*Asks:* 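Please find one structure pasted underneath; my questions will follow.
As the structure is a computational prediction, the values presented were derived from the model and not from experiment. The figures here come from the full heavy-atom set of this structure, side chains too, leaving out hydrogens, waters and symmetry mates. Atoms within each ligand, like the ligands themselves, are counted from 1 in listed order.
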Amino acid sequence: MSAKILDGAALSRAILDELGEEVAALRAAHGTVPGLATILVGEDPASVSYVTRKVATAHALGFHEVQETLPATAHEAELLACIERHNADPRIHGILVQLPLPRHMEERTIIHAIAPEKDVDGFHPVNLGKLLMGDATAFLPCTPAGIREMLMRAGVRLDGAEVVIVGRSNIVGKPLAVLLGQKGPGGNATVTLTHTGTRDLAAHCRRADVLVAAAGVPGLVRSEWIKPGAVVIDVGVNRVGFNEKTGKPILSGDVEFAAAAEVAGMITPVPGGVGPMTIAMLMKNTVRSARQHPAA
Ligand code: NAD
């Protein structure tokens, strides 16, 4: 293997250590404890696992953590009432509704209901609009923010770099394209956003200095598509099997990892790459929200 592994788990630990100091300082200066409400609807195993990790991280940082679990059959009105309660609670600085939601709920209605100043996931149109306009007060969506943080901490030069993103979702591809294309540190890249309508995906990928795969298709990005020395960020988390011994799912990314690691300059593993960075950014947004409302 020739590529350097971008260890998201280690990087996120460093970020969480820094945040721990900030939490202690906030408490000492203002008596403020960052408050995070996590809301899970239903029992989708992946969602349960994500929420469990977020709650554990919030606890470890000494947050005031409130976990809400609604049954999959809950009415949308119940979820809206739950959000409203946390919108009004001054001890809560961040609200996270774990997606995806059951089919009978309208994701857009739910995201709109979260107060933008508590939208630590960065999915509310106010925060996405601010991101688009380069307004630094935006809460950035956690996965794109985590990817940028990882690239910056790894010393990857983005200024003038060719970045190719595979996938145009509202939570990863689109906001990441805006973030990395913006003028300023951690930006100024020339970004190509590819998707299911892209004619020659391989040709685009081959041009990339930084290639981000966020399609949710295991092994979509082939090693032959990677420019030698490129930085490869694999966002995909695909359940490709089940390990009978550990009782855990077998996860795989969107990149053909072993072969890609022979060509790339740096590459993220799955798991242990982008995932932990996403959680670290959620905590960072919550601490920032608490700092903005210290009297609460
Ligand atoms: P999504 O399904 O909303 O979007 C996928 C995008 O990929 C779509 O825009 C689609 O056009 C594009 N796409 C799909 N197949 C393609 C193909 N063959 N060629 C080109 N483009 C293609 O997915 P999402 O929510 O953005 O998530 C993508 C992946 O990232 C999933 O595996 C998800 O589990 C993972 N994810 C990981 C994290 C993390 O923190 N590690 C966070 C969010 C999502």
*Asks:* Check this for me: H75, atom NE2, are more than 12 non-hydrogen atoms of other residues, nucleotides or ligands nearer than 6.0 Å?
*Replies:* no

*Asks:* Would you verify that at least one protein heavy atom lies under 4.0 Å from atom 11 (O) of ligand 1, or report that none does?
*Replies:* yes

*Asks:* Would you kindly specify which portion of I171 sits under 4.0 Å from ligand 1, judged on non-hydrogen atoms: side chain, backbone, both or neither?
*Replies:* side chain

*Asks:* Which of these, V235, T143, L176, I233, has its nearest heavy atom closest to atom 30 (O) of ligand 1?
*Replies:* V235

*Asks:* To the nearest 0.1 Å, how far is atom 15 (N) of ligand 1 from its closest protein heavy atom, and which atom is that?
*Replies:* V217 CG2, 3.5 Å

*Asks:* Please work out whether any backbone atom (N, CA, C, O) or any side-chain heavy atom from C-beta onward of T278 is under 4.0 Å from ligand 1, and answer side chain, backbone, both or neither.
*Replies:* side chain

*Asks:* In terms of side-chain heavy atoms, does K130 have a donor or acceptor partner in T137 at a distance below 3.5 Å?
*Replies:* yes

*Asks:* For the side chain of D119 and the backbone of F123, is there at least one donor-acceptor N/O pair under 3.5 Å apart?
*Replies:* yes

*Asks:* Looking at R13, R153, K284, which one forms a salt bridge (charged side-chain N to carboxylate O under 4.0 Å, His left out) with E18?
*Replies:* R153

*Asks:* Evaluate the 4.0 Å heavy atom contact test for atom 41 (N) of ligand 1: does a protein atom fall under the cut-off?
*Replies:* yes

*Asks:* Identify the protein heavy atom lying closest to atom 29 (C) of ligand 1, giving its residue, its atom name and the separation to 0.1 Å.
*Replies:* G216 N, 3.6 Å

*Asks:* Using a strict cut-off of less than 4.0 Å between a Lys/Arg side-chain nitrogen and an Asp/Glu carboxylate oxygen, indicate whether R291 and E22 qualify as a salt bridge.
*Replies:* yes

*Asks:* Once you restrict to heavy atoms under 4.0 Å, what part of L220 touches ligand 1? Side chain, backbone, both or neither.
*Replies:* side chain

*Asks:* Is the CZ atom of R239 crowded by more than 12 outside heavy atoms at less than 6.0 Å?
*Replies:* yes

*Asks:* List ligand 1 atoms under 4.0 Å from A214, heavy atoms only on the residue side.
*Replies:* 5 (C), 6 (C), 7 (O), 28 (C)

*Asks:* Quick test: of every protein heavy atom, which one is nearest to atom 5 (C) of ligand 1, and how far off is it to 0.1 Å?
*Replies:* A215 O, 3.5 Å

*Asks:* Please confirm whether the backbone N or O of R53 pairs with a side-chain atom of T57, one donor and one acceptor, at under 3.5 Å?
*Replies:* yes

*Asks:* Polar contacts were defined as any N/O atom of the residue lying under 3.5 Å from an N/O atom of the ligand; does this apply to V237 and ligand 1?
*Replies:* yes

*Asks:* Under 3.5 Å, is there a donor-acceptor pair between the side chain of E149 and the main chain of M277?
*Replies:* no

*Asks:* Is the closest N or O pair between S169 and ligand 1 shorter than 3.5 Å?
*Replies:* yes

*Asks:* For G275, take its heavy atoms, then give the atoms of ligand 1 lying under 4.0 Å from any of them.
*Replies:* 40 (O), 41 (N)

*Asks:* Report, in ascending order of atom number, the atoms of ligand 1 lying under 4.0 Å from any heavy atom of N238.
*Replies:* 32 (O)

*Asks:* Hey, is E162 close enough to K227 for a salt bridge, meaning N to O under 4.0 Å?
*Replies:* no

*Asks:* Would you say H93's side chain and G35's backbone share a donor-acceptor pair under 3.5 angstrom?
*Replies:* yes

*Asks:* For residues S2 and E262, is any side-chain donor paired with an opposing acceptor at under 3.5 Å?
*Replies:* no

*Asks:* To the nearest 0.1 Å, how far is atom 43 (C) of ligand 1 from its closest protein heavy atom, and which atom is that?
*Replies:* V172 CG2, 3.8 Å

*Asks:* In terms of residue, atom name and distance, what is the protein heavy atom nearest to atom 19 (N) of ligand 1?
*Replies:* L201 CD2, 3.8 Å

*Asks:* Could you identify the single nearest non-hydrogen protein atom to atom 21 (N) of ligand 1 and state the distance to 0.1 Å?
*Replies:* H195 C, 3.2 Å

*Asks:* Would you say R168 and ligand 1 have an N/O pair spaced under 3.5 Å apart?
*Replies:* yes

*Asks:* For atom 6 (C) of ligand 1, grab the closest protein heavy atom and report residue, atom and distance to one decimal in Å.
*Replies:* G167 CA, 3.5 Å

*Asks:* Tell me, please: is T198 in heavy-atom contact with ligand 1, that is, under 4.0 Å?
*Replies:* no

*Asks:* For the 3.5 Å polar cut-off, considering only N or O atoms, please tell me whether Y50 and ligand 1 meet it.
*Replies:* no

*Asks:* Give me the residue, atom name and distance of the protein heavy atom closest to atom 16 (C) of ligand 1.
*Replies:* T196 CG2, 3.7 Å

*Asks:* Would you say E68 and H86 are linked by a side-chain donor-acceptor pair, where the criterion is simply a distance under 3.5 Å?
*Replies:* yes

